[in-house]
Every structure is written in structure tokens, then in C-alpha cells.
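Every value quoted in this text rests on a predicted model; they were computed, and no experiment measured them.
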Amino acid sequence: MAFARLVAGPLNGLMRVLRGDRTGVDWMGAGSDAGWIASFLVPGFLLAPVYGWMVLRRLGDVGSEPDFGPAFAIEAIGYVIGWTAFPVLSHAICERIGKPVEWYGYVVAYNWANVLQIAFYLPAALLGTFEGVPPMPLFLIGVISVSAAIAIHFRVARVVLGIDAVPALMLVAVDLAVGQIVARIVDRLHGI
């Protein structure tokens, strides 16, 4: 029950942010050190099984059968770097655009937004596992899920940081680039 409250409050705050209410970051615990740390740990814990499933699927799709020990270490390190690289880079960006204080709330909202974004990615990924799904609808569902995730991140940046569209798009682009770079490095370490 306590874990459900630990998740429900921040997700409620995220919904408030997406409706344009910046005070939603308070529901996510942005005002305390514990809430800030929990914004990394709780979403990271929630998304780890989904990430693990997607890794197994990705490795299976390329026909790779890596040794479990090193593969687990590579993926675990990649997962942690994926959770921390963008927040570090976004801090530098937020300082440049004059929002260093707002960055704390932004990172909290960004981390919780990852939980909502997976709600779009996961059904698209699951649908891709079924035989006989025509490629065109699968492609369109993929485009819709990525577009929804981008829109969520864009809205979080605009509302929490109180910035215009161009800096918000820059943050979204940096997030996408960091994700791709980390994924490519992990694939290289796997020999893919």
C-alpha cells in the first residue's frame, strides 16, 4: 500500500504538470532531497523489468546469445547511465538558459514522465511480438508512441521550466540523442 502511494502521488502531480499546473512538481516531492532521490529510484525500479524484457527481445531479434554475466553487467551499467546522463546534461542546459533552480523540479518531473511514456512504448513493443501483424499499422503505432513520448517530455519542459518551445525542443532532442548514444554503446559492448 505504501508503495502504491509512493507512485500515485507523483503520477497525480505529473498529470497536473501536463495540464499546465507547475505546482504538480510539489506532488512529486521536488521540494525535498528524499523526493528528488525517490524520483530516480522509484521510476527506475518500476521500469527495470520493462527494460529487461526489451533487452531480451532486442538481443533475440538480432540472434545474439551473449554470456549472461557480462551481458547483465553491460545492461545494468547502461541502464544506470541512461537514467543519469540526461539529467547531468540538462543541468548544464538549464544553467545556460537561466533556469538552474527550476532544473530540480524539471528532473523530478522528467523522471516520472518516463513512467507515463512507457505506457505508450510498451503496447507498441508488445504488438511487435505477435506474428502476422502487418508492418504498416505496426509502423504507425510506433510513430504514435514515440510522438506521444516526445509530446510528454516537451510539455514537461515547457511547464516546469517555464520556457519557450525552442529550448524545450532542444531538451527533447538532447534526451533522444543521449538515449541513442547510450543504446549504441551498449550494443557495441555486446558485439552487435
Side-chain angles (χ1 to χ4, degrees), residues 7-8 10-21 24 28 39 42-66 71 74-75 78-79 81-83 85-87 89-90 93 106-107 109-161 163-190 192:
V7 173
L11 288 179
N12 186 6
L14 178 62
M15 292 301 126
R16 289 170 176 265
V17 166
L18 294 176
R19 287 191 304 264
D21 180 4
M28 293 180 245
S39 80
V42 176
F45 177 76
L46 290 172
L47 298 179
V50 175
Y51 180 79
W53 175 77
M54 291 178 140
V55 165
L56 291 174
R57 185 166 173 256
R58 186 181 84 241
L59 294 176
D61 286 349
V62 296
S64 177
E65 292 186 27
I74 290 167
E75 290 297 336
Y79 188 68
I81 291 171
W83 268 101
F86 177 73
L89 288 172
S90 69
I93 293 168
Y106 169 65
V107 168
Y110 165 82
N111 288 340
W112 281 104
N114 284 318
V115 174
L116 181 59
Q117 289 169 332
I118 206 69
F120 292 99
Y121 286 135
L122 188 58
L126 285 171
L127 191 58
T129 63
F130 295 115
E131 297 282 330
V133 177
M136 185 53 82
L138 198 57
F139 171 76
L140 290 175
I141 290 169
V143 168
I144 291 168
S145 65
V146 170
S147 298
I150 288 170
I152 290 166
H153 186 177
F154 177 77
R155 182 70 173 159
V156 165
R158 294 278 322 259
V159 172
V160 176
L161 294 173
I163 56 177
D164 292 329
V166 173
L169 285 172
M170 177 182 61
L171 284 164
V172 170
V174 168
D175 179 35
L176 292 171
V178 166
Q180 288 301 306
I181 290 167
V182 170
R184 294 305 148 248
I185 291 170
V186 167
D187 284 349
R188 289 287 197 163
L189 291 172
H190 282 305
I192 300 172

_Just to verify, what does Y79 make a side chain to side chain donor-acceptor pair (under 3.5 Å) with, not counting sequence neighbours?_
W83
_side chain to side chain donor-acceptor pair (under 3.5 Å) partners of S90, counting only residues at least two apart_ = W103
*Spatial distance of atom CZ (R155) from atom CG (L14) [nearest 0.5 Å]*: 11.5 Å
*Indicate yes or no: at least one non-hydrogen side-chain atom of L18 is less than 4.5 angstrom from one of L116.*
yes
*asked:* Applying salt bridge (Lys or Arg N to Asp or Glu O under 4.0 Å), can you list everything that pairs with R158, at least two apart in sequence or on another chain?
replied: none
*Can you name the nearest heavy-atom pair linking V156 to A109, along with the distance?*
CG1-CB, 3.6 Å
_Residue pair V17 / M28, side-chain heavy-atom distance below 4.5 Å_ = yes
*Any side-chain heavy-atom pair of M15 and L11 under 4.5 Å*: no
*asked:* How long is the straight-line distance from CZ of F45 back to CG of L47, given to the nearest 0.5 Å?
replied: 11.0 Å
_Residues that D21 engages under side chain to side chain donor-acceptor pair (under 3.5 Å), provided they are two or more places apart_ = T23
*With a 4.5 Å limit on heavy-atom distance, are the side chains of N114 and L46 in contact?*
no
*asked:* Using the side chain to side chain contact (heavy atoms under 4.5 Å, CB included) criterion, which residues pair with V182? Sequence neighbours excluded.
replied: I81, V178, V186
*Contact summary for A119 and P123, nearest pair of heavy atoms*: O-CD, 3.0 Å
*Non-hydrogen side-chain atoms of W112 and V42 separated by less than 4.5 Å*: yes
Side chains of residues 139-153: which donor-acceptor partners sit under 3.5 Å, not counting sequence neighbours?
from	atom 1	to	atom 2	distance (Å)
S145	OG	I141	O	3.4
S145	OG	G142	O	2.9
S147	OG	V143	O	2.8
H153	ND1	D175	OD2	3.2
H153	NE2	Y106	OH	2.6

*Output the distance between atom CZ (F86) and atom CG (L176), rounded to the nearest 0.5 Å.*
9.0 Å
*When rounded to the nearest 0.5 angstrom, what is the spacing between CG in L89 and CD1 in I93?*
6.5 Å
